[in-house]
Amino acid sequence: QVQLVESGGGLVQPGGSLRLSCAASGSIFSINVMGWYRQAPGKQRELVATIFSGGSTNYADSVKGRFTISRDNDKNTVYLQMNSLKPEDTADYYCNARVGVRVGVSYHYWGQGTEVTVSS
């Protein structure tokens with residue numbers, strides 16, 4: 001099966017930076033899109049950023065200019081560089097990927113999550 005594993009979370013001061021990574025492995029025929037979601041305590045999960053197979057990206061308004069999503073196709077890995085972090089960025093961050101397992105068949109997969117805390 002397909003698995004997504006995130007890493008890179010932790011505690012950081014306001015204004016600091018973190019880099020999250022998510023590696024996909026398993027029976028992968030293709031990866032159409034990968035993205036990052038986050039969920040703060042007591043709030044709904046929200047989309048942070050996505051990157052598509054053609055290279056286009058989308059960002060939530062709250063992170064534009066501060067976060068950058070990128071990918072390494074050889075490693076089936078997506079990254080989220082987070083700069084100028086704010087306390088409101090505190091959340092559990094989850095990787096998501098739309099993975100083609102065969103021609104014409106794809107599914108969404110989720111990672112286990114990594115915790116990000118921004119506090120002075």
Side-chain angles (χ1 to χ4, degrees):
Q1 62 176 3
V2 175
Q3 292 183 318
L4 305 179
V5 179
E6 303 103 327
S7 63
L11 174 65
V12 65
Q13 300 292 315
S17 298
L18 285 174
R19 190 188 190 216
L20 307 182
S21 64
C22 171
S25 62
S27 301
I28 300 172
F29 178 76
S30 64
I31 300 180
N32 299 316
V33 60
M34 302 185 78
W36 290 94
Y37 291 73
R38 67 185 181 186
Q39 187 168 20
K43 297 184 178 181
Q44 297 184 25
R45 187 172 299 183
E46 64 176 345
L47 179 64
V48 176
T50 58
I51 184 165
F52 295 85
S53 59
S56 63
T57 58
N58 292 321
Y59 295 93
D61 289 340
S62 60
V63 307
K64 286 182 178 178
R66 299 188 298 119
F67 291 9
T68 301
I69 188 170
S70 61
R71 66 185 182 186
D72 185 332
N73 292 332
D74 292 336
K75 298 180 179 179
N76 288 326
T77 299
V78 63
Y79 305 93
L80 186 68
Q81 179 66 47
M82 305 185 294
N83 299 325
S84 301
L85 283 163
K86 305 175 181 179
E88 49 263 45
D89 295 318
T90 296
D92 291 331
Y93 284 72
Y94 297 88
C95 178
N96 176 269
R98 190 181 185 92
V99 179
V101 297
R102 63 201 302 177
V103 175
V105 180
S106 64
Y107 304 98
H108 280 107
Y109 293 90
W110 289 93
Q112 62 188 14
T114 185
E115 185 176 348
V116 172
T117 302
V118 184
S119 179
S120 60

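Just so we're clear, the structure is a prediction, and the values are computed from it rather than from any experiment. Residue numbers count from 1 along this sequence.
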Closest non-hydrogen atoms of Arg66 and Asp89, given as atom of the first, atom of the second and distance, are NH1-OD2, 2.8 Å
Parallel, tilted or perpendicular: rings of Tyr93 and Phe67 (30°, 60°):
tilted
Rounded to the nearest 0.5 Å, how far does CD of Glu46 lie from CD of Gln39?
9.5 Å
Going only through I, L, V, M, F, W and Y residues with side-chain contacts under 4.5 Å, is there a path from Val78 to Tyr107?
yes
Distance (rounded to the nearest 0.5 Å) between Asp92 CG and Tyr37 OH
16.0 Å
Does any N or O in the side chain of Glu6 come within less than 3.5 Å of the main-chain N or O of Cys22, such that one atom is a donor and the other an acceptor?
no
Residues Asn83 and Ser17: side-chain donor-acceptor under 3.5 angstrom
yes
Roughly how far, to the nearest 0.5 Å, is CE of Met34 from OG of Ser53?
12.0 Å
For the pair Tyr59 (side chain) and Gly65 (backbone), establish whether a donor and an acceptor sit closer than 3.5 Å, ignoring hydrogens and angles.
no
Under 3.5 Å: donor-acceptor pair, side chain of Ser120, backbone of Gln13
no
Tell me the closest heavy-atom pair linking Ala60 and Leu47, and the distance in Å.
CB-O, 3.5 Å
How close do Thr90 and Val118 get, heavy atom to heavy atom, and via which atoms?
OG1-N, 2.9 Å
Using a cut-off of 6.0 Å, state whether more than 12 heavy atoms not belonging to Gln1 lie near its atom CD.
no
To the nearest 0.5 Å, tell me how far Ile31 CD1 sits from Ile51 CD1.
11.5 Å
Minimum heavy-atom distance between Ala91 and Arg38, given as atom pair plus value
CB-CB, 3.9 Å
Side chain Gln81, main chain Thr68, donor-acceptor under 3.5 Å
no
Side-chain donor/acceptor of Asn96 to backbone N/O of Tyr109, under 3.5 Å:
yes
Given the rule that I, L, V, M, F, W and Y join up when any side-chain heavy atoms are under 4.5 Å apart, are Ile28 and Val103 in one cluster?
no
Can you confirm whether Asp72 sits close enough to Tyr79 that some side-chain heavy atom of one is under 4.5 Å from a side-chain heavy atom of the other?
yes
Contact summary for Ala49 and Leu80, nearest pair of heavy atoms
CB-CD1, 4.3 Å
Given side-chain contact (heavy atoms from CB on, under 4.5 Å), test Trp36 with Cys95 step by step and report yes or no.
CA-CA 5 Å; Trp36 290 94; Cys95 178; 4.1 Å; yes
In this structure, OG1 of Thr50 is separated from CG of Asn58 (nearest 0.5 Å) by 4.0 Å
Are Tyr94 and Val2 connected into the same hydrophobic cluster when the rule is that any two of I, L, V, M, F, W, Y join if their side-chain heavy atoms are below 4.5 Å apart?
no
When rounded to the nearest 0.5 angstrom, what distance separates CG in Leu4 from OG1 in Thr77?
10.0 Å
Counting distance only, does the side-chain N/O of Arg71 pair as donor-acceptor with the main-chain N or O of Val33 below 3.5 Å?
no
